[in-house]
Amino acid sequence: MSERKKDFLRKIVEEDLQKGKYKEVVTRFPPEPNGYPHIGHAKAISVDFGIARDYGGRCHLRMDDTNPETEDPKYVEAIKDAVTWLGFKWDGPVRYTSDYFQQLYDYAVELIKMGKAYVDSIDEETMRELRGTVTEPGRRSEFAKRSVEENLELFERMRKGEFAEGEHVLRAKIDMASPNMKMRDPLLYRIRRTPHYRTGTEWAIYPMYDFAHCLSDYIEGVTHSFCTLEFENNRELYDWILETLKVKPPRPYQYEFARLNLSYTVMSKRKLLELVQKGVVSGWDDPRMPTIAGYRRRGYTPESILTFCEQIGIAKANSVVDVAQLEFCIRDDLNPKVPRVMCVVEPLKVTIENYEGDVEWLDAPYYPHDVPKEGSRKLPFGKYIYINRKDFEENPPKGYHRLTPDQPVRLRYAYIIRCKEVIKNDKGEVVEIIAEYYPNSKSGQDTSGIKVKSAIHWVEANHAKSVELRLYDRLYRVEQPESIDDINPDSLKVVKNALIEPAVINEKPDERYQFEREGYFYADPVDYTDEAPVFNRIVTLKDSWAKKQQKQKPSPKPQKEPAKPQPKGDELPPMDTAQKERFEGYKALGLREEIAVTLARDEALASFFEKAREAGGSVETVAKLVTNEVARELKKEAALSFGPEQIAKLAELLDSGAISTRTAKEVFEAMTQSGEDPETIVEQKGLRQISDPETLRPIIEEIIAQNPQNVAKYKEGNEKLFGFFVGQVMQKTQGKADPKIANRLVKELLKA
RNA sequence: UGGGGUGUCGCCAAGUGGUAAGGCAGCAGGUUUUGGUCCUGCCAUUCGGGGGUUCGAGUCCCUCCACCCCAUCCA
């Protein structure tokens with residue numbers, strides 16, 4: 001397990017393991033085989049498989065195939081491929097919810113026998129009406145009154161296929177008025193006459209997600225069932241089913257985390273499907289698609305996607321991760337791994353006038369000085385070469401480091417050249433450069449003494465191979481694309497005749513390369529042939545020059561909207577008469593307004609306060625304890641383990657100066673746990689306040705002696721450190737130091 | 001609107017009453033035969049807003065605001 005800060009799911013797992021709730025952690029990745037997995041699934045895979053791996057547990061791969069209308073074996077293959085490609089191994093065989101249909105059916109029968117499920121026979125529309133809305137309760141269908149026997153018989157006949165689709169459904173009998181819509185007698189089974197891709201026509205009924213999922217988890221011995229946020233409402237049902245069936249423990253629990261969203265990307269199955277169907281992309285594995293197959297074909301490595309998933313973390317806030325983070329991960333992964341070669345994307349011919357004789361073969365390493373890998377190739381150099389069109393400028397902008405009529409440049413691994421003449425066509429476009437090279441400037445043995453601003457890449461004309469380049473860019477032009485209108489029209493540029501050095505084709509040292517100064521490229525696994533090589537651009541290199549150029553131009557930066565003024569929030573809804581009466585009473589008692597309001601508005605709080613007040617302690621202290629501490633406990637569902645008298649006693653302890661406010665919180669905490677009297681807790685734990693400066697002084701001196709840097713920083717004016725020192729004193733005294741005295745002393749001693 | 005969630009830097013994200021982690025992006029310098037990499041430095045007096053409790057609050061209390069999810073016989 002790495003040192004990385006643990007996410008909240010791992011904390012839960014760790015705690016459960018520690019408490020002995022489970023002997024071993026079992027998770028599952030449960031996709032429905034109705035579409036191609038995308039990078040959002042990669043995150044889920046990384047969570048499900050990663051957590052199991054980190055805690056020595058197992059992760060199952062389960063096809064959640066309860067809807068015969070949308071599922072297909074080709075998707076199960078795609079899912080298996082994706083998991084395997086990412087480097088994970090599922091425990092045991094691939095599992096299928098459809099394997100549990102019989103067990104699930106038996107559970108349903110059990111529910112019916114318990115009177116907790118019934119066959120409903122109303123039509124869909126009526127059912128919707130009866131369900132009510134989020135604000136209005138629903139009403140139970142008249143069929144809910146059916147006897148257990150009738151339900152059993154009907155359900156059996158449903159299974160046998162004696163009814164048409166929609167004629168009957170099986171529903172749980174829970175609560176039609178539940179504020180959670182998922183609990184309003186949810187469907188458990190529906191009739192479907194479509195053959196299932198695995199069970200064929202064996203079943204005429206199919207379980208719904210909520211019924212099948214929790215039980216499948218249970219059947220498999222899953223301990224932690226991780227899913228995305230939109231299932232939070234379903235958790236209550238998940239628990240209800242397992243609890244109602246009284247399954248033998250241990251049983252699984254569901255936890256939710258936020259799904260992945262990426263900027264400049266769509267993730268929904270529907271929108272992805274639309275891209276494919278409308279031919280916006282070439283298929284599910286189009287390198288611009290956020291599918292695993294797409295990234296894979298683009299040339300992304302599994303490692304890069306996994307580190308990405310680790311980097312973005314696991315939390316519960318809906319968020320959109322910047323696609324730049326993913327791009328960083330692939331660059332970072334490839335940089336130390338892949339060979340550098342030269343490829344000219346937009347060739348511009350250069351004739352080196354003073355170069356005589358045949359082609360010369362130079363030695364060129366495949367890896368730069370900072371990559372500790374061995375390997376090199378022979379690189380032809382001759383009179384005729386090509387450079388990239390963008391590496392020559394007749395009228396260069398300021399800061400341009402490449403070839404110009406007055407600026408020489410180094411040809412990487414070769415010689416320095418100088419421009420002698422620019423040849424143009426009738427349209428005025430540069431078509432060729434006549435140059436001159438310096439024979440004594442050969443790379444590695446340069447004695448010319450010429451200083452150049454940069455080195456550019458090039459290829460020798462007669463040995464270069466023509467290749468096809470597919471330059472991919474973001475599929476969408478807006479950060480949060482909505483529709484197909486947001487497509488980036490330049491997401492793919494095909495360059496038919498780029499020129500590449502021969503070793504890449506002849507030697508094939510790798511399948512991924514860095515084309516120097518151009519980007520990372522991948523030999524397309526589908527279309528590449530020796531006769532017609534095709535490379536996909538995985539990602540560009542970072543380009544600080546281009547960035548600088550762009551900033552020169554007046555970029556119409558989208559103005560950030562000015563912070564919307566928030567209502568002051570100091571106006572509360574009006575109090576009713578009872579509240580008002582209490583409020584006035586409390587104010588008369590001398591309580592400050594804010595506290596009086598809080599107390600007055602909450603009846604439970606108010607009655608607790610009044611009882612405590614009668615039992616003792618100063619009104620003010622009691623009121624503060626009740627508003628700030630008791631309020632928290634009252635919010636919890638569990639009954640209070642302490643009464644008003646104890647709060648009164650706590651207040652007295654505080655009033656008399658026997659304990660500090662900090663200690664009071666600790667005592668209160670102990671009271672909520674044990675329900676003991678505050679005095680008992682104070683005595684048992686020895687929590688009486690230390691107010692004697694002479695007891696505190698040596699402690700503070702020690703702290704000061706132990707933290708010379710912080711003392712220095714404090715003296716330099718870092719006032720925040722003051723809190724640090726007081727904190728140390730409080731910690732060393734287990735919170736018993738009188739903070740006011742500690743403060744005074746710290747200030748005093750720090751000055752010395 | 002009833003219920004369930006979430007708000008910490010431009011984007012992610014730690015943080016559980018005691019000096020606001022880290023990554024990406026950005027900025028500035030250095031190294032460099034890739035305008036890449038690498039290195040160094042900078043980048044939240046403040047945690048959605050307002051109050052309160054406390055010696056001390058991103059963390060506790062009250063309250064307001066914003067956003068997401070739930071009314072498929074989908075998962």
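Proteins get letters first, then strands, A, B, ... in listed order; numbering begins at 1 in each.
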Counting only Watson-Crick pairs (N1-N3 plus N6-O4 or O6-N4) and G-U wobbles (N1-O2, O6-N3), all under 3.5 Å, who is the partner of [N]?
| N | value |
| --- | --- |
| B:C55 | B:G18 |
| B:C27 | B:G41 |
| B:C9 | none |

### Summary
residues 720-734 of chain A vs side chain to side chain donor-acceptor pair (under 3.5 Å), sequence neighbours excluded, gives A:Gln706-A:Lys732
### Summary
Residues pairing under side chain to side chain donor-acceptor pair (under 3.5 Å) where one sits in residues 443-458 of chain A, two or more places apart or in two chains, turn out to be A:Gln407-A:Lys453, A:Arg410-A:Asp446, A:Asp446-A:Ser448, A:His457-A:Arg517, A:His457-A:Glu518
With a non-hydrogen cut-off below 4.0 angstrom, is [X] in contact with a base, only sugar-phosphate, or nothing?
| X | answer |
| --- | --- |
| A:Lys665 | base |
| A:Asn710 | base |
| A:Phe211 | nothing |
| A:Glu69 | nothing |
| A:Arg128 | sugar-phosphate |

Under 4.0 Å between a side-chain N or O of [X] and OP1 or OP2 of [N]?
| X | N | value |
| --- | --- | --- |
| A:Arg190 | B:A75 | yes |
| A:Lys6 | B:A14 | no |
| A:Arg192 | B:C74 | yes |
| A:Lys5 | B:G23 | no |
| A:Lys182 | B:A75 | no |
| A:Thr66 | B:A75 | yes |
| A:Arg592 | B:U53 | yes |
| A:Arg131 | B:C73 | yes |
| A:Ser544 | B:G36 | yes |

### Summary
Among B:U53, B:C12, B:C24, the one nearest any side-chain atom of A:Phe328 is B:C24
Measure [atom1]/[X] against [atom2]/[N] and give the value in whole Å, please.
| X | N | atom1 | atom2 | value |
| --- | --- | --- | --- | --- |
| A:Asp7 | B:G22 | CG | C1' | 15 Å |
| A:Glu232 | B:C70 | CD | P | 11 Å |
| A:Ile700 | B:C55 | CD1 | P | 16 Å |
| A:Met183 | B:C69 | CE | P | 22 Å |

### Over-ring placement of A:Lys373 relative to A:Tyr366, 6.0 Å and 45° cut-offs
no
Each nucleotide N or O in nucleotides 27-29 of chain B that has a protein N or O under 3.5 Å away: list the pair and distance.
| from | atom 1 | to | atom 2 | distance (Å) |
| --- | --- | --- | --- | --- |
| B:C27 | OP1 | A:Lys551 | NZ | 2.6 |

### Query
Does A:Phe521 have its ring centroid less than 6.0 Å away from the ring centroid of A:Tyr513?
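Distance test on ring centres: not under 6.0 Å, no.
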### Query
Got a sec: does the CD of A:Glu603 have more than 12 other heavy atoms crowding it under 6.0 Å?
no
